[in-house]
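What you see is a predicted model, and the numbers here were worked out from it, not measured in a lab. In the text below, chain A, chain B and the rest are named by the order of the sequence lines, each starting its count at 1.
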There are 2 protein chains.
Amino acid sequence: MDQIEIFKALSNKTRLQILGWLKEPELHFPEQPNADFENVGVCVGQIQLKSGLSQSTISEYLSILQRADLINSTRLGQWTYYKRNKEGLKKLSNIINTEL
Amino acid sequence: MDQIEIFKALSNKTRLQILGWLKEPELHFPEQPNADFENVGVCVGQIQLKSGLSQSTISEYLSILQRADLINSTRLGQWTYYKRNKEGLKKLSNIINTEL
DNA sequence: TTGGCATATCGGGAAAAGTCGATATACATT
DNA sequence: AATGTATATCGACTTTTCCCGATATGCCAA
């Protein structure tokens, strides 16, 4: 993954917030039936609701974050759940500490 | 300093390169008379030369990086020298590790 | 198999960033 | 004081990003 795409993904208030929310889902989202935060993450609809932006915008933002390896998705039935990608975040931390 | 401005500053190939160059100036720039890399950094002209972009663009890029607290400047005579801002970079590393 | 949700993709208009050349400013030398 | 050099700022144009509404797709239930 290109470093620049990672930083671009992070250069937006809403996307940054989403990552923060996904760090502690219990704190930011209501209980979900049949889908545990730890395993699958949070579904798009909840994230959209919390963000206040349009459905299409949030869907796009999530895919930007995913392309940057900052989150990943699981499809369950008609829902898509997103959660933090710990690997990717660690890699980012590494870049900061070794290359900049 | 706004987090978003930090990530925006990093969302550009040349600016990212500049930070990399400033991490090991001896490796990327010729010896400078009367100005030690460690103390004051590297002067704008050298950075511009290496980047291949126009003088105005590099001057602007440097100020973007500076506003993001990623580098800082020292004026010596008619030259401005820029070097890494270790504080700011540490703060960034902290953001990544605690907020995302 | 039709209808209803949840999500993704597409097309577009407005705002921001990338980049330049020209010009201004600041300092140093003559 | 006048000139030369280093850097900063300005104005303009092009490309990218921000968001939206509309439409498509995928999955489920009746």
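Between the side chain of A:Gln55 and the base of C:dA8, at least one donor-acceptor pair of N or O atoms lies under 3.5 Å.
Here B:Leu10 contributes atom CG and A:Ile6 contributes atom CD1; the two are 11.0 Å apart, rounded to the nearest 0.5 Å. The OG atom of B:Ser93 sits 12.0 Å away from the CD1 atom of A:Ile95 when rounded to the nearest 0.5 Å.
Whole-Å rounding puts the B:Gln66 CD to D:dT7 P distance at 14 Å. To the nearest angstrom, P of D:dT5 lies 16 Å from CG of B:Leu49. Taking atom CD of B:Glu5 as the reference point, atom C1' of C:dA17 lies 11 Å away to the nearest angstrom. With rounding to whole Å, A:Leu65 atom CG is found 14 Å from D:dT17 atom P. Protein atom OH of A:Tyr82 is 12 Å distant from nucleotide atom C1' of C:dA6, rounded to whole Å. Residue B:Lys8 contributes atom NZ, which lies 12 Å from atom C1' of D:dT16 at whole-angstrom precision. One atom, CG of A:Leu62, and another, P of D:dC18, lie 14 Å apart when rounded to the nearest Å. At whole-Å resolution of the value, CD in A:Gln48 and P in D:dC19 are 14 Å apart.
Each of B:Gln78 and B:Ser54 has a nearest nucleotide on DNA chain C; the 5'-most of these lies closest to B:Ser54.
Other residues, nucleotides and ligands contribute only 12 or fewer heavy atoms inside 6.0 Å of the NZ atom of B:Lys91.
Across all strands shown, B:Ser63 has no heavy atoms under 4.0 Å from either base or sugar-phosphate atoms. Here B:Tyr81 lies out of heavy-atom contact (under 4.0 Å) with every strand. Contacts of B:Ile58 with the nucleic acid, taken as non-hydrogen atoms under 4.0 Å apart, are absent.
You'll find the side chain of A:Lys83 stays beyond 4.5 Å of the side chain of A:Leu22, heavy atoms only.
Pairing each heavy atom of B:Lys8 with each of B:Arg15, the nearest pair is O-NH2, 3.1 Å.
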Apply the test side chain to side chain contact (heavy atoms under 4.5 Å, CB included) to residues A:Lys23 and B:Glu99: give CA-CA distance (whole Å), side-chain angles for both, the deciding distance (0.1 Å), then the verdict.
CA-CA 8 Å; A:Lys23 193 180 173 81; B:Glu99 301 186 31; 5.9 Å; no
Could you walk me through whether A:Gln32 and A:Phe37 pass side chain to side chain contact (heavy atoms under 4.5 Å, CB included), step by step?
CA-CA 8 Å; A:Gln32 288 177 148; A:Phe37 286 141; 3.6 Å; yes
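Under 4.0 angstrom from either OP1 or OP2 of C:dT9 there lies no side-chain N or O belonging to A:Tyr61. Contact annotation: A:Asn12 side-chain N/O to D:dT17 OP1/OP2 distance is not under 4.0 Å. The phosphate of C:dA8 has OP1 or OP2 within less than 4.0 Å of a side-chain N or O from A:Thr80. Regarding contacts with the backbone of D:dA8, a side-chain N or O of B:Ser59 is found under 4.0 angstrom from either OP1 or OP2.
Interface residues of residues 38-47 of chain A facing DNA chain D, ordered by number: none; criterion, heavy-atom separation under 4.0 Å. Heavy-atom distances under 4.0 Å link DNA chain C to no residue of residues 15-28 of chain A.
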Let me have a per-nucleotide readout for nucleotides 10-15 of chain C, 5' to 3', with B, S or -, counting only protein heavy atoms under 4.0 Å.
------
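Ring pair A:Phe7/B:Phe7 is parallel by interplanar angle, where below 30° counts as parallel and above 60° as perpendicular.
Test B:Leu89, B:Leu65, B:Ile64, B:Ile18 against B:Ile71 for side chain to side chain contact (heavy atoms under 4.5 Å, CB included) and you get one pass: B:Leu65.
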